[in-house]
2 protein chains.
Amino acid sequence: MARPRTRLLDRDRITIGALELIDRDGDFTMPGLARHLGVQVSSVYHHVPGGRNEVIEMVRVRVTNRVDGSAFDHLPWEEALPVWGRSFLAAFTAHPFAIRLLATEPVRDPSLIAVYSSVAAGLRRAGFPDDQIIAVITAAENFFVGSALNMTAPDIMVTPSSDGDADLLAALRAAPHGAGRAKLAFDVGIRALIGGFRDMLDEHRLSDHKPDPSDTG
Amino acid sequence: MARPRTRLLDRDRITIGALELIDRDGDFTMPGLARHLGVQVSSVYHHVPGGRNEVIEMVRVRVTNRVDGSAFDHLPWEEALPVWGRSFLAAFTAHPFAIRLLATEPVRDPSLIAVYSSVAAGLRRAGFPDDQIIAVITAAENFFVGSALNMTAPDIMVTPSSDGDADLLAALRAAPHGAGRAKLAFDVGIRALIGGFRDMLDEHRLSDHKPDPSDTG
DNA sequence: ACCTGAACACCGTTCAAGT
DNA sequence: ACCTGAACACCGTTCAAGT
């Protein structure tokens, strides 16, 4: 039984198994993963020399692979941005616990380069200045990451201890609860970002190189 | 020596010790913390019954205590928002490794309620609709959390593998590197959010209850 | 190459025992 | 109340040994 005729393990099965445990328990251990896969821990190490950290990286790549920036290839950037953002959110809401394990380290995977390439190309075509494109992408993604983390957070609860909390209490009363809370925050944020980026783009267009055809100056 | 005449330990010293280890190593263990404090592990547990999780929560409270929303008490919201955001960033850049340990769980501390109260009151005074205030606060904070996580991330490196990466490469070449990268992304994002929130506010003012005094309607 | 079985250092937590 | 010392179950990782 030391070398079975049919492969018991490969990196894909290990990744999926770890993701199953994360979805079930919110975390995973190497012995737990091996048990889940019906093998010994040392067998897992044979396929994943980097150990637990590498398993987490593999899960990270698998989850973020569903992030899709291709909307920038065929839509105006104002429409593509929320599509990109929603695919980001969807990738992590499909594995609500995973974000807490994955968000703390940036993804360093070729498949994400394709996403950034589409977004950068779209923004460049729209006329965003070269030296701000990475900043725009990063700002949007920072908002997405924070939003994904926030999706798993419980509602804020405030006991009206101090008198100064009246406004906060009124706002909390008027705000949606449960699942709608995080969704509204995402919608409000992405709309604000798009509006703000549009202003930035208009300013640059007025002051700079690429004059609007209808411009008399 | 079982009960020293002078206290060796208290919750504050434990919190500070843990933060020192996090700043030094990026993480901490309970035995390591005890060693750092010159006591036995079980002594730490006497002061912190909740164990490691509670220590992390104590560190979280201590770090986030430096977040300050009081700018909303005496400044227009457009100026107060970046001040709040920068205090948030500063709290975590003072402990760069801490964010990775702390961001994955929301803070549930009375001192943060005061921050939210100031922000909510300021936004309400400015005329933001009650049912959107929590969403605005959450959206901003999500951006801050993502930005704080991003501060510790290394620069994106792209090897020009595919031809489709030309735009991305141009953007990366034109973007600032090192410390300026995350800072520019934060500035761009916060400016965009303010602009977008202002549009939202104007729309609401035009369509709704609070007419502008100079309005003839 | 692929898997087993046993081992090692270390971690989080507990608890009886001291003052 | 506050701290010690020893213990327990468990984790991440390694390595010689089998086919």
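In the text below, chain A, chain B and the rest are named by the order of the sequence lines, each starting its count at 1.
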Trainee: Please report the distance, rounded to the nearest Å, between CD1 in A:Ile56 and C1' in D:dG12.
Mentor: 12 Å
Trainee: Can you work out whether B:Ser42 or B:Arg7 has the more 5'-proximal nearest nucleotide on DNA chain D?
Mentor: B:Arg7
Trainee: How many Å lie between CG on B:Leu21 and P on C:dC11, as a whole number?
Mentor: 12 Å
Trainee: Rounded to the nearest 0.5 Å, what separates atom CZ in B:Arg124 from atom CZ in B:Phe72?
Mentor: 15.0 Å
Trainee: Strictly below 4.0 Å, N to O, side chains only: are A:Asp12 and A:Arg7 in salt-bridge contact?
Mentor: no
Trainee: Check whether more than 12 heavy atoms from other residues, nucleotides or ligands sit under 6.0 Å from atom CZ of B:Arg66, and answer yes or no.
Mentor: no
Trainee: Mapping A:Met30 and A:Ser43 to their closest nucleotides on DNA chain D, which lands nearer the 5' end?
Mentor: A:Met30
Trainee: Between C1' on D:dT19 and CG on A:Leu8, what's the gap in Å once rounded to a whole number?
Mentor: 13 Å
Trainee: Go ahead and name the base partner of C:dC15; Watson-Crick or wobble counts if both distances stay under 3.5 Å, otherwise write none.
Mentor: D:dG5
Trainee: Can you see whether A:Phe92 has A:Arg100 sitting over its ring - NZ or CZ less than 6.0 Å from the centre and within 45° of the normal?
Mentor: no
Trainee: Do we get A:Arg86 above A:Phe144's six-membered ring, with its NZ or CZ under 6.0 Å from the centre and within 45° of the axis?
Mentor: no
Trainee: Once you round it to whole Å, what is the distance between P of D:dC8 and OH of B:Tyr45?
Mentor: 17 Å
Trainee: Find the distance A:Ile14:CD1 to D:dG12:P and express it as a whole number of Å.
Mentor: 14 Å
Trainee: Within less than 4.0 Å of OP1 or OP2 of C:dC3, is there a side-chain N or O belonging to A:His47?
Mentor: yes
Trainee: Measure NE2/B:His46 against C1'/D:dC2 and give the value in whole Å, please.
Mentor: 5 Å
Trainee: If you check every side-chain atom of A:Arg35, which of D:dC11, C:dC11, C:dT14 has the closest atom?
Mentor: D:dC11
Trainee: With respect to the phosphate group of C:dT13, does any side-chain polar atom (N or O) of B:Arg52 fall under 4.0 Å of OP1 or OP2?
Mentor: no
Trainee: Given atom CG of B:Asp10 and atom P of D:dC2, what is their separation to the nearest angstrom?
Mentor: 10 Å
Trainee: Would you say A:Gln40 places a side-chain N or O within less than 4.0 Å of OP1 or OP2 belonging to C:dC3?
Mentor: no
Trainee: Please report, rounded to the nearest Å, how far the P atom of C:dC2 is from the CZ atom of A:Arg11.
Mentor: 12 Å
Trainee: Have a look at B:Thr29 and say if it touches a base, only the backbone sugar-phosphate, or nothing, with a 4.0 Å heavy-atom cut-off.
Mentor: sugar-phosphate
